[in-house]
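Scroll down for the structure; my scribbles are underneath it.
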Amino acid sequence: AGLRTQPGPFNAPEPQTPRDAVTHYNNFYEFGLEKEDPARLAGQFHARPWTLRIDGAVAKPLTLDIDTLIARHTVESRVYRMRCVEAWSMVIPWDGIPLAQILREAEILSSAKYVAFRSVLRPDEMPGQSMGAGTIDWPYVEGLRLDEAMHPLTLLAVGLYGDILPNQNGAPIRLVVPWKYGFKGIKSITTITLVDTMPPTSWNRLAADEYGFYANVNPEVDHPRWSQTSERVIGSGGFFGERRQPTRLFNGYAEQVAPLYAGMDLHRFY
Amino acid sequence: MAATPRKTQANPRAKYRKLLSPVLYLAGLAPAVWSFWLGAHNQLGADPVRSFEHVLGLWAFRFLLASLAITPIRTVLGVNLVRYRRMLGLLAFAYAAMHVATYVALDLRFDFAILYGDLTKRPFLIFGMLAFIALLPLAATSNTRSIRALGRNWQRLHRLVYVALIAASLHFLMAFKTWHMDALVYVGLGGVLLLLRLARAPWRRARRV
């Protein structure tokens, strides 16, 4: 199904990752640990009907039906670079609504300092959620500082390549924060809560030494198990054509987001 | 004059075995050849390099386990497959070598700065490389001449296979962001093969006395 979209700002000039790669190479552990699992196993997932709840430190808590939300806003198409913490990258044409627009509708209170996101919990539709010890404590949770959440780059995506978001990419609505590692982009969001303290995040809870709250793309800060200085470009062509390119600070969005972290030690707050 | 035909007739199994060996080697290499063909034809998913790398690493571990299973199979089940052990060991080494080559050539694109960082700072990759290095002397001394020349030292040297198994197990487990069920199963099997040897050791010593 096609989405009615308008061209948005911040479009990356790099060639876009083929749609087939974007929809068949996914980290979405709710459906399994392998990259191919989400495309294979997300068919049973019901992304509609769906409501998104916005609550916490807001004057007007909202419960929004996903299609009403889409109809009420201008869905922008924005081509963003995506850098996974596993040292690979894509360039994805998302269709979405700036998170700030939606949060403002709920009238944020001054006590709000952070934004906590919670994903859906449906073990009967998401086989990865019934896997045993050693994996994520479901549901997946993520968080942003309020100023990060309100940044014009931060998007709630409802589609890609001009079509409604496929289940394996986080239908019906997911977060896209292009200057952070991909795991910050929580999928299938049910609840957004404005809070006054730093909320827990799933990967940080699992391995705090490897995944920080900020998770800003940074070639200077290595993952304990691999280097972050460069990245493989997914879908850039087979065995011999696949490129490896240098990773850029804030994934190339330093011009837009570096002021958010002025004076912060990015090695300490990784 | 009659001796020559009689000899070949008397040993049909030897001849059959001689033919079987290259066939088994080719069969053992088939997963690598097949994956490479798929990768070269863009049939290995969105990240063919990673898929190929993982297939090679997985088969290296499988053949390592298989080579270590030969002795327990003989002692526990009474089936002697010892003549296949060299082949299984060499296949494990071949896959490990292809796994390392893919990592350096296709994954890192010969970026030796990253390689140096990986091998000096990151236990995940240090363990992997250690496993490969431990297999090198084993592969080099797998020929009959080395077995004769080294005598008892050959067996001592080949205990390095346990170093390779333990290092490869750690590398395997660390390759995933979470505890991975498949990796746990493979590493568990390796642990069982190690434990079987530890359990046998006192009995062996007792008999020698």
Tell me, for [X] versus chain B, whether the close heavy atoms (under 4.5 Å) come from the side chain, the backbone, both or neither.
X	result
A:Glu86	side chain
A:Phe240	both
A:Gln228	neither
A:Ser227	both
A:Asp20	neither

Using a cut-off of 6.0 Å, state whether more than 12 heavy atoms not belonging to B:Tyr25 lie near its atom OH.
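Atom OH in B:Tyr25 is packed in, count exceeds 12.
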
Quick one: pull up CZ in B:Arg159 and CZ in B:Arg197 and give me the separation to the nearest 0.5 Å.
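The CZ atom of B:Arg159 sits 11.0 Å away from the CZ atom of B:Arg197.
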
Greatest number of heavy atom pairs closer than 4.5 Å to chain B - which of A:Val233, A:Val85, A:Val22, A:Leu33:
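Highest number of heavy-atom pairs under 4.5 Å: A:Leu33.
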
Between A:Glu148 and A:Lys180, does any NZ, NE, NH1 or NH2 come within less than 4.0 Å of an OD or OE carboxylate oxygen?
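The answer is yes: the pair qualifies as a salt bridge.
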
Any side-chain to backbone donor/acceptor pair from B:His99 onto B:Glu53? Under 3.5 Å, distance only.
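Side chain of B:His99 to backbone of B:Glu53, a donor-acceptor pair under 3.5 Å: yes, one is there.
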
Using heavy-atom distances under 4.5 Å, tell me whether B:Ala113 contacts chain A through its side chain, its backbone, both, or neither.
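Contact with chain A involves no heavy atom of B:Ala113 at all.
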
With only heavy atoms counted, which part of B:Leu108 is less than 4.5 Å from chain A, the side chain, the backbone, both or neither?
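For B:Leu108, the contact with chain A is made by backbone and side chain together.
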
Applying salt bridge (charged side-chain N to carboxylate O under 4.0 Å, His left out), name anything that partners B:Asp47, two or more places apart in sequence or on another chain.
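Partners of B:Asp47 under the salt bridge (charged side-chain N to carboxylate O under 4.0 Å, His left out) test: A:Arg232.
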
Given side chains that start at C-beta, do those of B:Leu58 and B:Phe172 come closer than 4.5 Å, heavy atoms only?
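In contact.
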
